[in-house]
Structure formats: C-alpha cells, structure tokens
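Notes to accompany the following structure.
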Amino acid sequence: MKYTLVKEIFQEPQAYLTQKVAVAGWIRTVRSSKELGFIELNDGSFFKNLQVVFEASLPNFEEVGKLTIASSIEVQGTLVESPGAKQPVELKAESIEIVGLAENDYPLQKKRHSFEFLRTIAHLRPRTNTFFAVFKVRSLLAFAIHKFFQERGFIYVHTPIITGSDAEGAGEMFRVTTLELGNPPRDEQGKIDFNQDFFAKETNLTVSGQLEVETHCMAFRKVYTFGPTFRAENSNTARHASEFWMIEPEIAFADLSQDMDLAEDMVKYIFQYVMEQAPEEMEFFNTWIDKTLFQRLENVIHSNFERITYSQAIELLKKADQKFEFPLEWGRDLQTEHERYLTEKLFGKPVFVTDYPKAIKAFYMRVNDDDKTVAAMDLLVPGVGEIIGGSQREERYEMLKNRIIDLGLNLQDYWWYLDLRRYGTVPHAGFGLGFERAIMYVTGMENIRDVTPFPRTPRNAEF
RNA sequence: UCCGGAGUAGCUCAAUGGCAGAGCGGGUGGCUGUUAACCACUAGGUUGGGGGUUCAAGUCCCUCCUCCGGAGCCA
C-alpha cells in the first residue's frame with residue numbers, strides 16, 4: 001500500500017482535492033453520532049491532524065464509531081473541502097481498516113494533562129501535542145547544530161563516553177566497572193585493586209569532552225563534539241539532568257572574543273533554523289506554552305548580545321534597585337538571582353559575562369595579564385540562565401602546569417593534555433552548550449525532564 | 001543536600017475532627033457536520049506507607065517514601 005502522508009496533504013491541499021488517497025495513522029479523537037462520525041488522525045508526519053469523516057454507509061460503521069483513542073487505522077477515501085472552520089480539507093472515508101485497537105484504559109485523554117503525570121508515562125507522551133512538538137524541535141535543533149558547524153568547516157569529533165581519568169573536575173562522576181560490587185579484589189593495603197578491573201584502572205562516564213577535543217583542535221583547527229555527558233550530582237532542579245547532551249566546539253588561533261562571536265552566531269543560527277523549519281510546532285509553543293516566545297526569540301536573533309566583564313557585572317549589581325539575598329563581593333561567584341537580574345531585568349536579552357576571578361574557575365582557563373582573572377565567559381539568557389560556559393584555554397606550558405599544581409591536581413593525570421602545549425601550542429578557545437537548555441529556551445518548556453525523551457535524574461531511570 | 005509546598009477514583013481537583021464528592025476519562029443507551037462534541041444512565045476508593053492522639057482522623061501529631069517549586073552544584 002502506498003500511503004499519502006498527512007504532511008503532503010497539508011502542504012499542497014489543492015493538489016489532493018477530489019483525489020483518492022490512502023492514509024495510515026493513530027486516532028487522536030473520535031466523535032460519532034447515529035449516522036456520521038469524525039476522526040482526527042495523526043500519522044506522525046505532521047503536527048496537525050487530518051479530519052476523517054465516516055458515514056453509516058461504511059460496512060463497519062458501528063465498529064469504527066467505537067474506536068478508542070490511540071487505535072491505529074488505515075483509511076482510504078477522497079479528499080474534499082471541509083465545511084468546518086478549523087480545517088481546510090478532510091478525508092471522506094470509503095473504507096477504514098482497523099490495524100491495532102487500543103485498549104480502553106489508554107491513559108491519555110482529550111484534555112490537558114499535567115507534565116508531571118506525563119513524565120510517568122514517558123513511553124506514551126510523544127503522542128501528545130506538546131511532546132510531539134518538543135521532540136520534533138529537539139531533532140531539528142540537533143541537525144541545525146551539525147549544519148552550522150559543518151557549513152563552517154568544523155570537524156565532528158567523537159570524544160569518549162568512558163573516560164580514564166577522573167580529572168576533568170566538572171563534578172561527581174558515574175563509575176564504570178565490571179568488578180563484583182559485593183566482593184571486589186583488594187591489594188595489599190586492602191584497597192580495591194582496579195588493576196583487575198576491565199580497563200586495569202578506574203574509569204567513569206565522561207563529564208565533558210573538552211580536554212579530548214582539544215587534541216583534535218590542534219590537528220583540524222576547528223572541531224566540535226556533540227554527545228551525551230553524565231553528572232552524578234544530587235541535583236534536583238528543573239535545569240539539571242544526570243544524563244544530558246552537550247555541544248563543545250573548539251577553535252585554534254582564536255581568543256575569547258572570537259569564541260563569543262562563534263557562540264553568538266551559533267545561537268542565532270540554530271534558533272532561526274528551528275523557527276523556519278517547524279512553524280506549526282513553534283506556533284503551538286507560542287500559543288500554549290509561552291506567549292512571549294516569539295518575541296523573545298526574535299529579540300535573540302536580531303539583537304547584539306551584551307558583553308560585560310565580571311567586574312562590571314558586580315558594579316552594576318551593586319547599583320541595582322533590587323535587594324539580593326546573597327551578598328555581592330568581588331571574588332564570589334554570581335548567584336542565580338544575580339544572573340537573572342542581569343539578563344532579564346537590566347538588559348532583557350542574552351548577556352556574556354567574561355573575565356571571572358581565577359579562583360572560582362577551572363584550571364585550563366587562560367590567566368589574564370592582571371593575574372587575577374581568567375578569560376572565561378558565561379552566556380546568560382532570560383528564563384533559563386546559564387546556557388553556555390566557555391573560555392580561552394591556557395596555551396602556555398608553564399602557566400598551565402603551575403595552575404594544575406596550585407589547584408592541588410595530579411600533574412600525571414594531564415600528561416597528554418600538557419603535551420599539546422609542548423608541541424606547537426597555539427591560542428585557542430571553546431565553549432560548552434547545554435543541548436537541553438537550548439531546547440528549553442527555544443520551546444519555552446520550563447523543565448529539562450520535559451525536553452529529554454527519557455530523562456535521567458536522581459532516583460529516576462524508569463524508562 | 002538544604003528550605004518550602006503537595007500526595008484523595010485512571011486524570012484534574014473538592015471535602016469545619018462527624019455519611020469520601022465533582023468534572024473529565026471508562027461502560028451502556030441516544031443524537032445527521034463535530035472541533036477537549038453534546039444529552040441521559042452507570043461502574044469506579046487500602047485518602048502515599050507505618051505508627052500515634054481521639055468516642056470518631058482524608059483532616060491533628062511523629063516518622064518514612066515520592067513528586068513539585070526554590071537554592072546549591074553546573075550545561
């Protein structure tokens with residue numbers, strides 16, 4: 001059977017009018033009376049449903065009238081203009097074959113459900129309008145990211161998921177082992193003998209591909225990673241997940257300002273792409289999820305992002321006509337309330353905050369000439385907060401080595417990372433974009449669990 | 001992990017310490033153009049678990065669990 005896709009019908013309704021077509025999909029709603037009934041059919045190809053009209057002349061009219069939501073059917077009929085106001089065309093059924101009847105305890109109703117409830121049925125929620133739209137946008141956004149980098153000559157690098165060092169310093173890690181948990185082998189001191197583990201050393205799931213991707217940056221000049229990362233933090237917020245995807249570009253012969261240019265270009269490009277490629281889904285978000293969405297995204301696409309230093313941010317916050325719970329003092333990290341004030345109230349658009357005190361930032365960030373700050377940047381956006389964190393990397397061998405020692409890290413763990421500074425080092429920079437946070441921003445969804453197909457958070461890995 | 005809130009029918013929510021309810025969904029019947037269709041009838045409960053106070057607990061107390069929001073950590 002050759003099926004016409006609902007998407008094709010909606011894109012060119014005139015071409016299909018009066019034509020015989022066959023469609024196959026799932027029932028979203030049924031309404032029927034004695035001699036007439038309506039089915040809204042979604043076939044997965046398009047956000048909107050096709051209305052199917054069926055009449056008592058169908059041999060299985062009664063059976064069709066009793067079909068349950070989610071049942072799958074195949075319909076053959078003629079496409080006609082619809083007298084109803086809500087759809088341009090409809091399919092007048094000549095035959096309806098029931099492919100798979102849904103049992104009557106299907107939990108999704110024809111009304112709004114709470115996102116909390118839908119999380120408990122993650123296997124069924126893609127069939128709702130909201131999640132259908134979210135995961136469509138997720139796919140488009142991923143493609144847009146590849147498109148952006150590929151068009152600019154970036155090489156896509158697959159950095160490892162299992163990492164051999166716990167030295168990346170970006171948070172608690174998940175251990176990877178084949179040792180028997182109840183009875184692990186011990187060495188002479190009674191400590192667990194990881195020599196006998198699968199990799200003959202301690203291994204974990206990666207928390208960032210950055211250190212590894214820098215190696216390829218020194219060969220390909222412009223590179224990026226895009227893959228899953230894992231944090232075993234006991235974080236319980238709407239913005240944190242234990243497993244999430246991250247995009248980490250790295251550019252050689254570049255400084256922090258070029259890094260920010262890249263981040264700004266990328267954000268604008270991928271948002272624009274989704275607006276163009278998913279108009280129905282975006283319209284839905286703007287109507288039902290966040291009425292200021294279009295306004296906000298247009299603002300991002302067309303404005304120049306603000307760029308201020310951390311020191312300037314502290315000054316601005318001290319002058320703010322708002323009381324903060326946490327004190328402002330040079331050297332302390334900015335709190336969520338401070339970041340929100342800057343990006344939401346003061347500037348009302350994305351803001352780069354740069355040149356943070358070196359004491360609160362990672363070892364690999366390049367120390368500025370003042371010896372107090374590092375060439376780091378965070379991109380703050382209204383509603384979501386920090387969406388990107390990046391920096392120019394310390395390319396000077398001695399400086400990097402001293403930073404590692406000063407921070408009490410084990411020099412041995414970084415031997416290959418330091419080698420990059422011994423063999424043809426160059427200034428370079430990069431950043432990490434939280435993929436789910438980008439989806440949240442572009443859809444207006446407020447919880448990371450609702451933009452991740454199968455979210456992993458503390459105490460939650462059901463699906 | 002800390003602070004706050006919540007947990008009652010499949011879902012969304014009511015119920016002054018005194019008979020556990022409604023709307024939606026399900027079932028049955030009706031209805032010729034519906035749009036979260038409509039109308040009538042009907043079934044459906046270990047009030048998150050455990051303990052306590054009381055003549056009497058969904059309601060008050062203790063404890064544990066789970067979820068939500070905020071914070072910290074970060075992307």
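- Spacing of P atoms, B:G27 relative to B:U8, comes out at 24 Å, to the nearest Å.
- Checked by distance alone, A:K110 brings no side-chain donor or acceptor within 3.5 Å of a matching partner on the base of B:C24.
- Other residues, nucleotides and ligands place no more than 12 heavy atoms under 6.0 Å from the CD atom of A:E12.
- Using a 4.0 Å heavy-atom cutoff across all strands shown, A:F117 reaches sugar-phosphate atoms only and no base atom.
- One interatomic measurement links the two molecules: CG of A:L108 to C1' of B:C11, which rounds to 10 Å at whole-angstrom precision.
- Within residues 86-106 of chain A, the residues that place at least one heavy atom under 4.0 Å from RNA chain B are, in residue-number order, A:K86, A:Q87, A:E90, A:N104.
- A stacking contact links A:F244 to B:A75: the aromatic ring centre lies within less than 5.5 Å of the base's six-membered ring centre, and the planes differ by less than 30°.
- If you check every strand for non-hydrogen atoms under 4.0 Å, A:A241 touches a base.
- At a cut-off of 3.5 angstrom, counting only N and O atoms as typed in the model, there is no donor on one side facing an acceptor on the other between the side-chain of A:R31 and the base of B:C31.
- Across all strands shown, A:G432 has heavy atoms under 4.0 Å from sugar-phosphate atoms exclusively, and none from any base.
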With pairs defined as Watson-Crick or G-U wobble and both distances under 3.5 angstrom, please note down RNA chain B as a dot-bracket string, | for pairing with another strand.
(((((((..((((....[..)))).(((((.......))))).....(((((..]....))))))))))))....
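- Proximity of A:T29 to the phosphate of B:A37: a side-chain N or O atom is located under 4.0 Å from OP1 or OP2.
- Nucleic acid contact class of A:P107 (heavy atoms, under 4.0 Å, all strands): none.
- In this structure, the nucleotide among B:U12, B:G33, B:U35 sitting nearest to the side chain of A:K111 is B:U12.
- Within 4.0 Å of A:I387, counting heavy atoms only, lie sugar-phosphate atoms of the nucleic acid but no base atom.
- Surrounding CH2 of A:W288 are at most 12 heavy atoms belonging to other residues, nucleotides or ligands under 6.0 Å away.
- A donor-acceptor contact under 3.5 angstrom links the side-chain atoms of A:Q51 to the base of B:U34.
- Rounded to whole Å, the P atom of B:A40 lies 46 Å from the corresponding atom of B:C55.
- In this model, no donor atom of one side chain and acceptor atom of the other lie less than 3.5 Å apart for A:E212 and A:T159.
- A:S82 comes within 4.0 angstrom of a base, heavy atoms only.
- The two residues A:M365 and A:A376 make their nearest non-hydrogen contact at SD-CB, 3.5 Å.
- Rounded to an integer number of Å, the gap from CD1 of A:I270 to C1' of B:A75 is 13 Å.
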Report each atom pair, protein N/O against N/O of nucleotides 67-71 of chain B, whose distance is under 3.5 angstrom.
from  : atom 1 : to     : atom 2 : distance (Å)
B:C67 : OP2    : A:R459 : NE     : 3.3
B:C67 : O2'    : A:E116 : OE1    : 3.2
B:C68 : OP1    : A:R119 : NH1    : 2.8
B:G69 : OP1    : A:N447 : ND2    : 3.1
B:G69 : OP2    : A:N447 : ND2    : 3.4
B:A71 : OP2    : A:R239 : NH2    : 3.3
B:A71 : N6     : A:N236 : O      : 3.4

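- A straight line from CG of A:L380 to P of B:C74 spans 14 Å, rounded to a whole angstrom.
- If A:E81 and A:S242 are placed on RNA chain B by their nearest nucleotide, the residue sitting closer to the 5' end is A:E81.
- The separation of B:G17 from B:A57, taken at their P atoms, amounts to 14 Å, rounded to a whole angstrom.
- In this model, no side-chain donor or acceptor of A:H113 finds a partner on the base of B:C11 within 3.5 Å.
- Between B:G48 and B:G5, the distance separating the two C1' atoms is 16 Å to the nearest Å.
- Comparing the C1' positions of B:U47 and B:U12 gives a spacing of 16 Å, expressed to the nearest Å.
- Nucleotides of RNA chain B nearest to A:K66 and A:D378 differ in position, and the one nearer the 5' end is that of A:K66.
- Contact annotation for A:S114: backbone-only contact, meaning every heavy-atom pair under 4.0 Å involves sugar-phosphate atoms and none involves a base.
- For the residue pair A:N129/A:R28, the side-chain donor-acceptor check at 3.5 Å is satisfied.
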